[in-house]
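The structure appears right after this line, and notes come after that.
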Amino acid sequence: MKTLKKVLINDDHDAIVESVAQVLEKSGVAEIDKTQYCDEAYLQLKKAELEKKPYDLIITDLSFKSDYRNATLASGEDLIEQIRVDKLAIPIIVYSMKDQLQKVRGLIKKQGINGYVCKDRNGSKELRTAIKAVLAGDLFLSPQVDKALQPKSKMEIDDFDIQLINLLSKGFSQEDISEDLKSKSITPNSLSTIEKRLNKLKIQFRANNTIHLVAITKDLGLI
């Protein structure tokens, strides 16, 4: 089995970083680097590649609080996407509070992450298991999200639906949503298609109106 020599931790909470570092130390990792910004993490990864001393693994959160810095990569999802665009050959474990199945499914299928561990009371234990699984070439998912690769349930929605509801939550009218999608060259973008899609979602979630739909999907953690 492959061994880990050099790992990067990317998280903006000091306590989490130290907790993850302890897990790695107990796993025998010799070199552990830490970043609190996704842009910084990306630069570290690129620098290591250029110096021909690449990382064996990155463990990253998804959510990062904004501050005075102008961020190009504002989230762990942005970082992961850029890593894959650049074809950096590095395994990725996500360590996050988020447990939406469609988010996990997208990260696995579109970005090829190697593990998804939920931050909770068993997080450190599961992280150790995830590291072993990744080293063995296996995918690891926390129990909360292990159904991510199973067929979608009726209460799940796709990325386009999420985009529509997110825009509704920001106060966009259906006409505004249509124009926004057109400006970004996202299809379908016709007003009639958006109306039909939202009506279908209201029926699916038994929502009385769009405001109720936004509230229900937020409560379910879908957006």
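Note that the structure is predicted; figures quoted are calculated from it, not measured. The figures here come from the full heavy-atom set of this structure, side chains too, leaving out hydrogens, waters and symmetry mates.
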Task: Shortest non-hydrogen contact from S190 toward S178 - done: C-OG, 4.1 Å

TODO: With rounding to the nearest 0.5 Å, note down the distance linking NE2 in H212 to NZ in K202.
DONE: 12.0 Å

Task: Verify same cluster id: L149, I92 (apolar side-chain graph, 4.5 Å) - done: yes

Open item on the list: Membership question, hydrophobic clusters at under 4.5 Å side-chain separation (ILVMFWY): are V134 and V23 in the same one?
Closed with: yes

Open item on the list: Between Q36 and K65, is there a side-chain heavy-atom distance shorter than 4.5 Å?
Closed with: no

Task: Co-membership, hydrophobic cluster, residues I9 and V117, 4.5 Å side-chain - done: yes

TODO: For G76 and T60, work out which heavy atoms get closest and say how close.
DONE: CA-OG1, 4.3 Å

Open item on the list: What verdict does the side-chain contact (heavy atoms from CB on, under 4.5 Å) test give for I58 and L79, after you've listed the backbone C-alpha separation in whole Å, the side-chain angles of each residue and the deciding distance to 0.1 Å?
Closed with: CA-CA 11 Å; I58 178 171; L79 172 62; 3.9 Å; yes

Let me check something: any side-chain donor-acceptor pairs from residues 121-131 under 3.5 Å, sequence neighbours excluded? List them with distances.
residue : atom : partner : partner atom : Å
S124    : OG   : S19     : OG           : 3.3
E126    : OE1  : S142    : OG           : 2.5
T129    : OG1  : K125    : O            : 3.2

- [ ] Step by step, work out the side-chain contact (heavy atoms from CB on, under 4.5 Å) result for R206 and I216.
- [x] CA-CA 9 Å; R206 297 181 182 178; I216 291 171; 5.8 Å; no

Open item on the list: Quick one, L141 and I108 - any side-chain contact, counting heavy atoms below 4.5 Å?
Closed with: yes

Open item on the list: Checking K6 against D33 for the side-chain contact (heavy atoms from CB on, under 4.5 Å) test, could you report, in this order, the C-alpha distance in whole Å, the side-chain angles of both residues, the deciding distance, and whether it holds?
Closed with: CA-CA 8 Å; K6 185 176 180 181; D33 291 328; 4.2 Å; yes

Task: Within one Ile-Leu-Val-Met-Phe-Trp-Tyr cluster: I177 and I186, side-chain cutoff 4.5 Å - done: yes

- [ ] Would you name the heavy atoms of Y116 and I113 that are closest together and state the gap between them?
- [x] CD1-CD1, 3.9 Å

Open item on the list: Would the distance check show the side chain of R84 and the main-chain N or O of Q111 forming a donor-acceptor pair, the cut-off being under 3.5 Å?
Closed with: yes

TODO: Taking the side chain as every heavy atom from C-beta outward, state whether D12 and Y37 have any atom pair closer than 4.5 Å.
DONE: no

Check: residues 44-54 side-chain donor-acceptor pairs under 3.5 Å, at least two apart:
residue : atom : partner : partner atom : Å
K47     : NZ   : E51     : OE2          : 2.9

- [ ] To the nearest 0.5 angstrom, please state how far the CG atom of L201 sits from the NZ atom of K196.
- [x] 14.5 Å

- [ ] Drop me the distance from C118's SG to D146's CG, to the nearest 0.5 angstrom.
- [x] 9.5 Å

Open item on the list: Please check this pair: side chain of D56 against backbone of K5, looking for a donor-acceptor N/O pair closer than 3.5 Å.
Closed with: yes

Task: Flag side-chain contact, heavy atom, 4.5 Å: D61 against Y95 - done: no

Task: Under 3.5 Å donor-acceptor, D78 side chain and A74 backbone - done: yes

TODO: Pick out which of L4, L24, L8 makes a side chain to side chain contact (heavy atoms under 4.5 Å, CB included) with I32.
DONE: L24

Task: Residue pair F205 / K200, side-chain heavy-atom distance below 4.5 Å - done: no

TODO: State, with a plain yes or no, whether a side-chain heavy atom of K98 is found less than 4.5 Å away from one of S63.
DONE: yes

Task: L57 side chain reached by I93 side chain, heavy atoms, under 4.5 Å - done: yes

Task: Side-chain donor or acceptor of S27 paired with backbone N/O of V29 under 3.5 Å - done: no

- [ ] For residues G115 and L139, report the shortest heavy-atom separation together with the two atoms involved.
- [x] N-CD1, 4.0 Å

Open item on the list: Given 3.5 Å as the limit, does a donor-acceptor pair link the side chain of D11 with the main chain of I16, or not?
Closed with: no

Open item on the list: Quick one: does any side-chain atom of T193 pair with a main-chain N or O of N189 as donor and acceptor, under 3.5 Å?
Closed with: no

- [ ] Could you pull out the closest heavy-atom pair between Q174 and I194, with the gap in Å?
- [x] O-CD1, 4.2 Å

Task: Residue of the set N166, L164, I165 for which side chain to side chain contact (heavy atoms under 4.5 Å, CB included) holds with I162 - done: N166

Task: From CG (L198) to CG (L168), nearest 0.5 Å - done: 5.0 Å

Open item on the list: Do L62 and K103 have side chains that approach each other closer than 4.5 Å (heavy atoms only, starting at C-beta)?
Closed with: yes

Open item on the list: Closer than 3.5 angstrom, by distance alone: can the side chain of D176 be matched with the main-chain N or O of S173 as a donor-acceptor pair?
Closed with: yes

Task: Single-linkage hydrophobic cluster, 4.5 Å side-chain cutoff, Y42 and F64 together - done: no

Open item on the list: I need the K110 NZ to E77 CD distance, nearest 0.5 Å.
Closed with: 10.0 Å

Open item on the list: Assess, by modelled atom type and distance only, whether the side chains of Q163 and D159 contain a donor and an acceptor separated by less than 3.5 Å.
Closed with: no

TODO: With side chain to side chain donor-acceptor pair (under 3.5 Å) as the test, would you mind laying out the steps for Q82 and D86 before giving the verdict?
DONE: CA-CA 6 Å; Q82 191 61 55; D86 286 2; 3.1 Å; yes

Open item on the list: With a 3.5 Å distance limit and no angle check, can you tell me whether N209 reaches the backbone of I211 through a side-chain donor-acceptor pair?
Closed with: yes

- [ ] For residues 18-27, pull every pair meeting salt bridge (charged side-chain N to carboxylate O under 4.0 Å, His left out), keeping only residues two or more places apart or in separate chains.
- [x] E18-K34

Open item on the list: Determine whether a donor-acceptor pair (N or O, by modelled atom type, separation under 3.5 Å) exists between the side chain of D39 and the backbone of L73.
Closed with: yes

Task: Basic-acidic side-chain contact under 4.0 Å: D180, K170 - done: no

TODO: State whether F160 and R197 meet the cation-pi test: NZ (Lys) or CZ (Arg) under 6.0 Å from the six-membered ring centroid, and within 45° of the perpendicular axis.
DONE: no

